[in-house]
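Here the structure is a predicted model, which means the values were calculated and not measured. Naming: A, B, ... by sequence-line order, numbering from 1 per chain.
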Amino acid sequence: MQVPAPFEYERATSVDHAIALMDRLGSEARLVAGGHSLLPMMKLRLANFEYLIDINDLHDELGFIRVTDDEVRIGAMTRHRELLESDELAAVFPIFRDAEKVIADPVVRNRGTLGGSLCQADPSEDLSAVCTTLNASCVIRSGDGERIVGMEEFHVGPYETAVADGQMLTEIRIPVRAGGSSAYEKVERRAGDWAVVSSGAAIWMDGANIADARVGLAAVGPNTTGIPGIAEALAGQPPSDELFAQAGAIAAASANPSTDMRGSAEYKTHLANELTQRALRRAAARAQEA
Amino acid sequence: MQVTMSVNGEEVTKEIEGRLLLVHFIRDHLGLTGTHWGCDTSNCGTCVVWMDDEPVKSCTVLAAMAGGRTVRTVEGLEVDGVLDPVQQGFIECHGLQCGFCTPGMMMTARALLDENPNPSEEEIREAISGQICRCTGYSTIIRSIQWAAAKEAETPVTVGSAS
């Protein structure tokens, strides 16, 4: 039987209350949202805390998707299911629906949250790649107020983020730019598994030519840069398979996967290349349709 | 700590440890052993119960997190001696062999039909994709759920209320 080590359970009723609890309980306290990353780690005793602060009652405050002309704001307690089902979100960033369809399974998606996924910072986690692709910013709140960091700063390393003790991720903000669309491609060993490799792509068109592009990879080592080399190669060019093959090669060159039970480094490098091409093709086709 | 929740329409209050998982609370503290405890890693789905009308994997929810909420287990499917059409469907179409995955399959199926009374086979497969049947009985499970959907289309039912 897998059971977490003993801890004291607390329940927060608001963001301010959660922060006050963290301030009072110190570094031995941790927030739990959906719990589908943290509780398994606690059951394996990979993570042990003296206090667990349940923030599920904050869904009213932090469960939202707000789409405006120039920005999308998504609350950290927004659940996978809500991200999957939001037509408004899919219209502006179809990459979210692409990714959510292949994240875990419907029952897990009822619980897991955007904020929990990002804060887990698993290198194979899909929403981190989505947020990198879309150049999202993360709003981190503490007793001293709010600060906003980009994904590169947010994602410090595997299982490590810029969210320090006494702080919480409350929201992500994604800029909306004209002429854009996006897509996500993932290879998994079985339905709902972690990615062998995933690639997200966003493209912004200026007439018949690509104005800008970003790619976010998952499960190929630390990578939260959006791969600027791809934007440089694609900018000013019309979309074509040859061009996307170049981009795929750049993605493969910036991937640094390791061989493990999900596949060899060679196979994963191949996937980074191929999935980047597919994601760019779909994103470009969507951008041109729009 | 003390936790109070509604389980199959009855309010229960128990003294528990904060680390107690909902699946063990249901089985060991309430004696409702219809909910099964399988992989313990949120993969197999046999521990699925409803919390606030949504299926959840109870091996990955703390009992404390269910405090103040409404829980429905497989025992809550039958109402006044009448089986839920989903349960009847599993009988009619041989939806189980060993029966280990059955409680999770039925709770997920009930939630699916409440939301989508006429699901396609693909929609059923997607709905139960977080459940594992090691008797490899998926075809009969899908037929069982289709039987229930057809039964309900013919005779609208009102069982399905969580409390």
Side-chain angles (χ1 to χ4, degrees), chain A residues 1-13 29-45 47-59 79-82 84-85 100-112 116 188-194, chain B residues 1-3 16-25 27-28 37-69 104-105 107-109 111-112 115-116 119 122-132 138:
Chain A
M1 190 192 293
Q2 296 178 6
V3 175
F7 57 82
E8 293 290 321
Y9 172 89
E10 302 272 354
R11 190 183 283 199
T13 52
R30 193 63 56 122
L31 302 179
V32 62
H36 278 55
S37 299
L38 189 59
L39 291 177
M41 287 185 81
M42 293 175 72
K43 287 166 79 172
L44 293 170
R45 309 285 174 110
N48 298 298
F49 309 105
E50 279 180 33
Y51 304 95
L52 204 60
I53 304 169
D54 181 357
I55 56 169
N56 280 282
D57 283 355
L58 275 54
H59 182 262
R79 300 198 193 272
H80 289 299
R81 178 188 182 155
E82 296 168 307
L84 174 66
E85 291 181 352
E100 285 294 355
K101 277 182 186 165
V102 289
I103 292 175
D105 61 66
V107 181
V108 169
R109 291 197 293 259
N110 282 341
R111 291 294 292 167
E188 50 191 358
R189 292 172 303 176
R190 56 188 163 81
D193 198 4
W194 295 95
Chain B
M1 63 174 290
Q2 206 176 56
V3 68
I16 60 163
E17 271 192 281
R19 61 175 171 165
L20 182 70
L21 295 159
L22 182 58
V23 65
H24 301 307
F25 178 77
R27 288 177 56 85
D28 303 340
W37 167 51
C39 71
D40 222 352
T41 58
S42 72
N43 281 288
C44 81
T46 193
C47 67
V48 167
V49 301
W50 289 12
M51 188 162 75
D52 287 350
D53 293 340
E54 270 189 336
V56 301
K57 292 185 172 175
S58 62
C59 75
T60 310
V61 175
L62 296 170
M65 294 169 94
R69 306 192 194 281
M105 288 287 182
M107 294 312 286
T108 304
L112 170 70
E115 231 180 69
N116 178 0
E122 200 182 328
E123 286 167 335
I124 295 174
R125 285 181 180 275
E126 166 70 13
I128 62 169
S129 63
Q131 336 266 139
I132 293 172
Y138 296 105

Please find the pair of heavy atoms, one from A/P6 and one from B/R19, that lie closest to each other, and give the distance.
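Shortest heavy-atom separation between A/P6 and B/R19 comes out as CD-NH1, 3.5 Å.
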Which heavy-atom pair separates B/M65 from A/Y9 by the least distance, and what is that distance?
CA-OH, 3.6 Å
Is [X] in contact with chain A via its backbone, its side chain, both, or neither, using a 4.5 Å heavy-atom distance?
X: B/A127; value: backbone
X: B/Q131; value: side chain
X: B/T108; value: side chain
X: B/V48; value: side chain
X: B/M1; value: side chain

Of B/G18, B/G68, B/C59, B/P55, the largest count of non-hydrogen pairs under 4.5 angstrom with chain A goes to B/P55
Under a 4.5 Å heavy-atom cutoff, which of B/G104, B/A111, B/G67 has the most pairs with chain A?
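The candidate making the most pairs under 4.5 Å is B/G67.
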With B/E115, which residues qualify under side-chain hydrogen bond (donor to acceptor under 3.5 Å, both in side chains), at least two apart?
A/R81
Does some side-chain heavy atom of [Y] sit less than 4.5 Å from a side-chain heavy atom of [X]?
X: B/L62; Y: A/F7; value: yes
X: A/V3; Y: B/E17; value: no
X: A/P40; Y: B/T60; value: yes
X: A/R111; Y: B/S42; value: no

Can you check side chain to side chain contact (heavy atoms under 4.5 Å, CB included) on A/V107 and B/M107, steps first, answer last?
CA-CA 11 Å; A/V107 181; B/M107 294 312 286; over 6 Å; no
Heavy-atom proximity to chain B below 4.5 Å, by part of [X]:
X: A/Q2; result: both
X: A/L44; result: neither
X: A/D54; result: side chain
X: A/A104; result: neither
X: A/M42; result: neither

More than 12 heavy atoms from other groups under 6.0 Å of CD on B/Q2:
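Yes, the 6.0 Å shell around CD holds more than 12 heavy atoms from other groups.
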For A/E8, look at atom CD and say whether over 12 heavy atoms of other residues, nucleotides or ligands are found less than 6.0 Å away.
no
What residue pairs, at least two apart or across chains, pass salt bridge (charged side-chain N to carboxylate O under 4.0 Å, His left out) with a residue in residues 56-69 of chain B?
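The answer is A/D57-B/R69, A/D105-B/K57, B/D52-B/R69.
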Distance, nearest 0.5 Å, that separates CE of B/M51 from CG of A/N110
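Taking CE in B/M51 and CG in A/N110, the distance rounds to 9.5 Å.
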